Amino acid sequence: MPPALDQVLSYATDQDSQFEADLEALLRIPSISADSQFAPQVRQAAGWLVEHLQTLGLQSELIETPGHPLVCATTPPVPGAPVALVYGHYDVQPPDPLDQWESPPFEPTRRDGNLYARGATDDKGQMLTHIKSVQSWLATHQRLPLQVKFLIEGEEEIGSEHLEEYLAEHAEALACDCVVISDTAQFARGIPAITYGLRGIAYYEIHLQGPSHDLHSGVFGGAVTNPIVTLTKMLAALVDDAGRIQLPNFYDDVVPLAERERKEFAGLPFDEDAFRSQLGVEGLTGEVGFSTLERRWARPSYDINGIWGGYQGEGAKTVLPAQAGAKLSFRLVPNQDPEKITASLRSLLEPLVPPGIQFELIAYHGAPGIAMPIDSPLLAAAARAVELGFGHRPVFIREGGSIPIVNTFAERLGAEVLLLGWGQNDDNLHAPNEKFSLADFHRGIRASAALWECLANVP
Ligand code: BES
Ligand code: MN
Ligand code: MN
């Protein structure tokens with residue numbers, strides 16, 4: 001290990017409890033981007049970051065958008081060395097259902113070496129590792145081996161609506177050789193990963209309006225269309241028993257899995273029994289002809305994310321409800337276009353609307369999937385850094401989640417994207433009891449500190 005890096009890492013070790021305290025301070029701010037009631041707290045988290053980055057000696061600013069603000073910061077340019085742009089998000093998902101949390105979501109709590117809080121792994125904890133590694137370099141050497149820019153947004157969890165425009169208008173200020181993102185997971189305990197592919201997403205809401213008010217189901221049932229019955233038929237029509245999505249032309253643009261990739265996935269030490277028991281399910285289902293990893297990482301999928309209508313309270317209520325609705329989404333693979341999916345979904349659903357029902361389809365965020373080449377020198381340098389931080393060589397994987405702006409980085413900025421995930425698959429992101437292993441937090445900081453050195457040495 002080069003002596004400079006050695007000093008950086010011992011500083012990081014000395015500071016580990018201060019670093020944890022900083023993470024806890026950020027986690028206490030309920031920066032829930034989806035809920036407009038929390039807009040002041042979202043802004044507060046952005047302000048906390050701007051100030052924190054300034055304290056560490058970076059030039060940093062809060063940038064207004066029509067939505068939640070962005071945080072931009074930079075270290076000084078280093079002539080002759082590459083430029084790395086760190087992207088992350090300080091917004092978090094809503095904490096509901098609240099009664100299922102063992103400790104309150106915005107009161108970070110330690111249990112068994114983990115820190116429990118909304119945003120612990122997604123993405124405050126992971127994002128902060130890069131800030132803490134920069135701090136460690138600056139504190140020990142007053143400079144970094146390369147220039148690091150930060151772009152931290154507050155709208156990732158709601159589809160990065162305003163970031164695209166900012167990127168288009170500030171491409172010069174954000175110019176970089178690679179984008180570094182820690183917002184994914186390791187493959188398993190002790191097996192860090194570099195992710196080279198993500199799925200995209202197309203998200204919708206359906207509203208069905210039946211009669212103008214709720215009706216007695218005995219007096220009117222059988223003669224008036226029940227919107228929940230219509231809704232369930234619609235939702236069921238979208239997939240068949242073999243797990244094939246039924247939208248017209250849905251698979252036309254799907255890039256088939258390469259035989260080489262199928263072999264690589266099959267060669268990973270994936271323990272399907274452990275996976276099942278961790279989720280509390282006895283069996284798994286999905287598209288026939290594909291393995292679990294293939295289904296999760298490289299095949300499209302369909303989910304109903306929420307459903308409502310009728311009586312949800314205790315006991316029986318004989319009602320024919322006036323309304324029903326659902327939220328649903330498709331995960332997409334490279335080449336599938338969310339806008340084509342919207343048109344196709346509409347064309348399938350509209351003929352299913354019976355007399356007596358008004359149908360409304362709302363399209364929310366969409367983003368295409370991505371799969372990136374894995375033979376680049378920057379990626380090899382990143383793999384060395386991950387090995388230094390985690391003590392194990394990373395495996396190369398794809399993942400099923402989406403980070404909408406990754407496509408824009410790759411296509412518009414022409415930058416290479418390095419997805420270096422420090423999380424675990426059982427970190428409960430988007431769910432109650434989200435956590436981040438404190439050991440992974442510190443390993444992430446060490447890997448990040450090594451990353452600046454490894455990237456700077458790429459010719
Ligand atoms: N960090 C996740 C995405 C992720 C998680 C990728 C795990 C790979 C592994 C991100 O914050 C996220 O939740 N994205 C949303 C995007 C959506 C709201 C547009 C998603 O995937 O649902
Ligand atoms: Mn995230
Ligand atoms: Mn998320």
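Everything numeric in this text was worked out from a predicted model, so none of it was measured. Both ligands and their constituent atoms are indexed starting at 1 by order of listing.
Using a cut-off of 2.8 Å, one finds that Asp123 contributes no N/O/S atom close to the Mn ion (ligand 2).
Within the cation-pi definition used here (under 6.0 Å to the ring centroid, within 45° of the axis), Arg118 does not qualify as a partner of Phe106. With Phe290 as the aromatic partner, Arg299 meets the cation-pi criteria of under 6.0 angstrom to the ring centre and within 45 degrees of the ring axis. Under a cutoff of 6.0 Å and an axis angle of 45°, Arg244 and Tyr251 form a cation-pi pair.
The pair Glu64-Arg43 counts as a salt bridge, with a side-chain nitrogen and a carboxylate oxygen less than 4.0 angstrom apart. Taking a cutoff of 4.0 Å between a charged side-chain nitrogen and a carboxylate oxygen, Arg260 and Glu264 qualify as a salt bridge.
Residue His89 has at least one heavy-atom neighbour below 4.0 Å for each of these atoms of ligand 1: 11 (O). Near Pro404, with a cut-off below 4.0 Å to any heavy atom, the atoms of ligand 1 are 19 (C). If you number the atoms of ligand 1 from 1 as listed, the ones under 4.0 Å from a heavy atom of Leu429 come out as 5 (C), 7 (C).
Contacts with ligand 1 closer than 4.0 Å are made by heavy atoms of both the backbone and the side chain of Glu157.
For atom 11 (O) of ligand 1, the closest heavy atom belonging to the protein is Glu156 OE1, 2.7 Å. The protein non-hydrogen atom at the shortest distance from atom 17 (C) of ligand 1 is His365 CE1, 4.0 Å. Closest protein heavy atom to atom 9 (C) of ligand 1: Glu399 OE1, 3.2 Å. Distance from atom 3 (C) of ligand 1 to its nearest protein heavy atom, with residue and atom name: Ser402 O, 3.4 Å. Here the protein heavy atom with the shortest distance to atom 22 (O) of ligand 1 is Arg331 NH2, 2.8 Å.
Nearest N/O/S atom of Asp122 with respect to the Mn ion (ligand 2) is recorded as OD1. Distances from the Mn ion (ligand 3) to the N/O/S atoms of Glu157 are shortest for OE2.
When the options Asp183, Thr184, Thr121 are ranked by their closest heavy atom to atom 4 (C) of ligand 1, first place goes to Asp183.
To the nearest 10 degrees, the angle centred on the Mn ion (ligand 2) between NE2 in His89 and OD2 in Asp183 reads 90°.
In this structure the side chain of Trp101 never reaches within 4.5 angstrom of the side chain of Asn428, judged on heavy atoms.
Using a 4.0 Å cutoff on heavy atoms, Asp123 does not count as a contact of ligand 1.
Panel note: side chain Ser160, backbone Ile405; no donor-acceptor pair is recorded below 3.5 Å.
When ring centroids are compared, Phe270 and Phe275 come within the 6.0 Å threshold.
Ring planes of Phe330 and Phe250: tilted class, angle from 30 to 60°. Ring pair Phe409/Tyr87 is perpendicular by interplanar angle, where above 60° counts as perpendicular and below 30° as parallel.
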